[in-house]
Amino acid sequence: MNKTANQMLIIFGASGDLTARKLIPAIYNLFKGNHLPENFVVLGASRSAITDGEFRRKVVQESRYLEERLTKENEDFITQFSDKLFYEDLGEDYDTDYDRLSKRIADLNNKYKTDNNYIFYLSTPPSLYEAIAKNLCDKGLTAEDDGWKRIVVEKPFGYSLASAKELNTGLHKYFQENQIYRIDHYLGKETVQNLLVTRFANSIFEPLWNRNYIHHIEITNAEEVGVEKRGGYYDKSGALRDMFQSHLLQIVSLIVMEPPISSSAEEIRNEKVKALKSLRLMTDEKVLYENTVKGQYVSSVINGEKVKGYREEEGVDPQSKTETFAAIKFFVDNWRWRDVPFYVRTAKRMPTKVTEVVIHFKTPHHQIFKEQDLNNKDNKLVIRIQPDEGILLKFGVKVPGQGFKVERANLDFYYSSLADTNVMEAYERLLLDAMQGDATLYARADEVESAWRFVDPILEYWEGGKDVNTYGYSAGTWGPENMDRLIEGEYTWRNPCERLTDDSGFCII
Ligand code: BG6
């Protein structure tokens, strides 16, 4: 196990939802699992005028996100944890003089011996990143002459390629690239990391991982929920910015990348950038029309209950054309992937919550067992990212009896079968990595920019291009009817169920 140095975590935006929902529960898990260093404190900072005690009550004692976990613990244990948390009111604005804040940091550092090692976690809108970085720098809080200083920034990292570049330039004025940790919580998911292991630790898959054996690749990210209380943010963002540019292109890069020389952060990230750079840019309107489908959920009745359409959600423009469904077909211009279509889809208000990657292998070159529907019986490797995390390999077996009738059988593995293994939650894992200075699972500046470079033309086309339609789909279904038009040949999207082994079908509505 790596050693974690004594340190302080300073969270900007500490009174926001992410702190209570994800960050504090992640730190709590690290505390419970004995992963925190001996000397460790959290300082929350934001614009609410609350005391240390009120902050502790809000994010620990009275937090609904910790409620279940805390019922299993005694008072002493809970107090030991909450005593590590402090709060500093920044006043009216994040862009202000950090005199008081820096004194508070110095006091806590002296009192709790955190060795001048600081992580600044920015859980604020990206428009504040540069100002916060500058104000920290003005107080000498970014210099590493005594103790290290790191900054973690949340997604969305920019709104377009130009704004991502601006953010990078802004941050680079005050922090070196190796001090910057751009978080993408999908990289903290065990199953996403397992993509690397599946590929590079198994000699049975890697030789087949190319255009000679793979017919196409399909990635589905479906959410059952709608935009909930985030209508205001989401309406300006849409599925392409919210999920595709970050989480899904990260998954794509792990599937596409060449084997890295080693498992070091730099080697892995170099290969991921190369992968993202090799995605064929789509700039022609005809190509964009043919290879993208944009959709938005409309109201429907699910299990007897009326569900709102996107345009009726709070904070959403009633005439909005923002997409809650995005399906993109694209190609990768390199030796390994030439002519292999990638189909990636993400949406809210689908029948179930599921994320999976399906590698569809080619039909054998010469077919001895002639059958109808053989395409459907091709080998598939299904990598289930969530839920029911695991891997499923579909292969043909002979149906007992005369002749050679082929049916599909499943070989499957579930993470849940690894008894006694504590699978860390994404934020828990990523925070621990940042605390230990391991940036492997964080996105580098050029990685984020390469992802935007691919997404930008699609966004521009969707926002003002010719013949762009926003197709409606009833909440609780698998998307617009015409989404299958993207897929070449006789194939259709695999509509996954909650359980890994359930076969396709329009399930659990
Ligand atoms: C976030 C998006 O980054 O990821 C949300 O902003 C989305 O819109 C969420 O719901 C999905 O994360 P997960 O881990 O639940 O798949």
Side-chain angles (χ1 to χ4, degrees), residues 13 16-23 25-26 29 65 121-126 152-159 164 181-195 219-252 254 295-297 308 310 313-316 320 322-326 344-357 383-390 415 423-431 441-443 447-448 451-452 455 459 475-476 479 496 498 500:
D17 179 58
L18 187 84
T19 305
R21 192 163 47 89
K22 293 286 182 195
L23 302 182
N29 284 359
Y65 305 107
Y121 195 113
L122 272 45
S123 172
T124 63
V152 180
V153 292
E154 267 292 334
K155 71 160 264 279
F157 196 82
Y159 188 77
Y181 291 69
R182 295 173 194 78
I183 203 162
D184 184 309
H185 80 275
Y186 265 58
L187 290 175
K189 292 184 194 276
E190 203 59 48
T191 38
V192 172
Q193 294 156 39
N194 194 44
L195 280 168
I219 302 175
T220 292
N221 166 264
E223 288 187 88
E224 204 175 344
V225 293
V227 290
E228 302 189 293
K229 296 212 164 72
R230 298 162 73 225
Y233 148 78
Y234 196 90
D235 208 33
K236 292 189 194 67
S237 164
L240 218 50
R241 288 191 178 91
D242 185 52
M243 289 296 303
F244 184 83
Q245 184 276 336
S246 48
H247 308 322
L248 295 179
L249 284 184
Q250 282 292 338
I251 294 178
V252 167
L254 295 173
Q296 191 187 81
Y297 62 84
K308 279 186 190 167
Y310 176 69
E313 302 274 15
E314 197 186 313
V316 171
S320 174
T322 300
E323 77 283 359
T324 61
F325 173 100
V344 181
R345 154 179 80 150
T346 176
K348 298 227 181 252
R349 278 278 183 233
M350 296 220 122
T352 188
K353 179 172 174 70
V354 59
T355 305
E356 68 171 30
V357 176
I383 301 171
R384 176 58 72 91
I385 291 181
Q386 61 189 20
D388 210 21
E389 290 81 356
Y415 271 84
V423 177
M424 279 193 177
E425 284 172 19
Y427 271 94
E428 183 184 349
R429 165 69 202 268
L430 292 174
L431 265 176
L441 301 176
Y442 284 85
E447 213 173 320
V448 175
W452 278 117
V455 171
L459 282 169
E498 206 172 357
L500 175 56

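Numbering of ligands and ligand atoms starts at 1, following listing order. Because the structure is a prediction, the values reported are computed rather than measured.
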Could you pull out every N or O of ligand 1 that sits under 3.5 Å from a protein N or O, with the distance for each pair?
from, atom 1, to, atom 2, distance (Å)
ligand 1, 3 (O), Lys155, NZ, 2.8
ligand 1, 3 (O), His247, NE2, 2.7
ligand 1, 6 (O), Lys155, NZ, 3.0
ligand 1, 6 (O), Arg230, NH2, 2.8
ligand 1, 6 (O), Asp242, OD1, 2.6
ligand 1, 6 (O), Asp242, OD2, 3.4
ligand 1, 8 (O), Arg230, NH1, 2.9
ligand 1, 8 (O), Asp242, OD2, 2.5
ligand 1, 8 (O), Lys348, NZ, 2.8
ligand 1, 10 (O), Glu223, OE1, 2.6
ligand 1, 10 (O), Glu223, OE2, 3.2
ligand 1, 10 (O), Lys348, NZ, 3.1
ligand 1, 12 (O), His185, NE2, 3.2
ligand 1, 14 (O), His185, NE2, 2.8
ligand 1, 14 (O), Lys189, NZ, 2.6
ligand 1, 15 (O), Lys353, NZ, 2.6
ligand 1, 16 (O), Tyr186, OH, 2.4
ligand 1, 16 (O), Lys353, NZ, 3.2
ligand 1, 16 (O), Gln386, NE2, 2.7

Q: Could you pull out all residues at least two apart from Asp235 that satisfy salt bridge (charged side-chain N to carboxylate O under 4.0 Å, His left out)?
A: none
Q: Assess whether side chain to side chain contact (heavy atoms under 4.5 Å, CB included) is satisfied between Glu190 and Glu389, documenting all intermediate values.
A: CA-CA 9 Å; Glu190 203 59 48; Glu389 290 81 356; over 6 Å; no
Q. Taking the six-membered ring for Trp, are Tyr442 and Tyr181 parallel (under 30°), tilted (30 to 60°) or perpendicular (over 60°)?
A. perpendicular
**Q.** Residues in salt bridge (charged side-chain N to carboxylate O under 4.0 Å, His left out) contact with Lys308, at least two apart in sequence or another chain
**A.** none
Q) Does Glu314 have any side chain to side chain contact (heavy atoms under 4.5 Å, CB included) partners at least two apart in sequence or in another chain, and if so, which? A) none
Q: Report the relative orientation of the aromatic rings in Tyr186 and His247; use parallel for angles under 30°, tilted for 30 to 60°, perpendicular for over 60°.
A: parallel
